[in-house]
Amino acid sequence: MVTSPSRPVRAARFGVAAATAAALLAIGSPAQAANGTIGVRETVCADSLFVRTDPGGAWMGTLYAGQTFLVQGPRSGGYIYGFAYGHVNRNGWVQDGWFC
């Protein structure tokens, strides 16, 4: 015979599920960062942001939080083209939505 868990067990499981959901909502996400504005030198908010040769293409450098990227456009498939300052110091594509 299969029985359902007692009420205290169900309540505890619900409490754990609610706490997990609250913790996931508190984690930072790209939705809290902004898309790049064409013509603006944006500051990177992500811990790291890959600079690529094409949208989703080969890696050619990494920008870190606080470094800057001059957004030139166009946009393509969630990426944006521009100039990566700092040690990358070249044009390339980055994933959009990771700017302060």
Side-chain angles (χ1 to χ4, degrees):
M1 179 171 153
V2 177
T3 60
S4 63
S6 65
R7 288 183 194 260
V9 171
R10 281 186 286 193
R13 287 182 185 163
F14 177 77
V16 169
T20 301
L24 288 173
L25 290 174
I27 295 173
S29 68
Q32 295 174 338
N35 285 331
T37 302
I38 293 175
V40 175
R41 186 171 173 174
E42 301 278 9
T43 301
V44 174
C45 282
D47 290 335
S48 61
L49 185 61
F50 292 157
V51 182
R52 300 183 178 276
T53 57
D54 297 302
W59 172 90
M60 61 184 206
T62 304
L63 290 170
Y64 296 97
Q67 292 185 321
T68 58
F69 183 81
L70 177 59
V71 179
Q72 298 170 333
R75 288 183 164 84
S76 179
Y79 286 81
I80 192 142
Y81 184 79
F83 187 83
Y85 286 88
H87 65 279
V88 177
N89 206 32
R90 63 172 59 169
N91 286 308
W93 294 82
V94 298
Q95 195 174 32
D96 202 3
W98 293 99
F99 304 107
C100 299

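None of the values given here were measured: they were computed from a predicted structure.
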Which value, rounded to the nearest 0.5 Å, describes the distance between Phe99 atom CZ and Thr37 atom OG1? 9.0 Å
When rounded to the nearest 0.5 angstrom, what is the spacing between CG in Asn35 and CG in Asp96? 4.0 Å
Heavy-atom closest contact (Cys100 atom, Ala34 atom, distance): O-CB, 4.4 Å
Is the shortest heavy-atom distance from the side chain of Gln72 to the side chain of Asn91 under 4.5 Å? yes
Give a yes or no on whether the backbone of Thr62 and the side-chain of His87 come within a donor-acceptor separation of less than 3.5 Å. yes
Looking only at heavy atoms, what is the nearest atom pair of Gly36 and Val71, with distance? CA-CG2, 4.0 Å
Assess whether atom CG of Asp47 is packed by more than 12 heavy atoms of other residues, nucleotides or ligands within 6.0 Å. no
Using 0.5 Å steps for rounding, measure from the CZ atom of Arg75 to the CD1 atom of Ile38. 5.0 Å
Does Arg41 qualify as a cation-pi partner of Tyr85, given the criterion of NZ or CZ under 6.0 Å from the six-membered ring centre and within 45 degrees of its axis? yes
When rounded to the nearest 0.5 angstrom, what is the spacing between CH2 in Trp98 and CD in Glu42? 15.0 Å
Determine the minimum heavy-atom distance between Thr53 and Trp93, stating which atoms define it. O-CD1, 3.4 Å
Nearest heavy-atom neighbours spanning Ala65 and Cys45: CB-O, 4.3 Å
Check: Tyr81 and Val94 side chains under 4.5 Å, non-hydrogen atoms: no
Taking every heavy atom of Val51 against every heavy atom of Gly92, the minimum-distance pair comes out as CG1-CA, 3.9 Å
For Phe50, is the CZ atom crowded, meaning more than 12 foreign heavy atoms sit under 6.0 Å from it? no
Within the 4.5 Å heavy-atom criterion, are Ile80 and Phe69 side-chain neighbours or not? yes
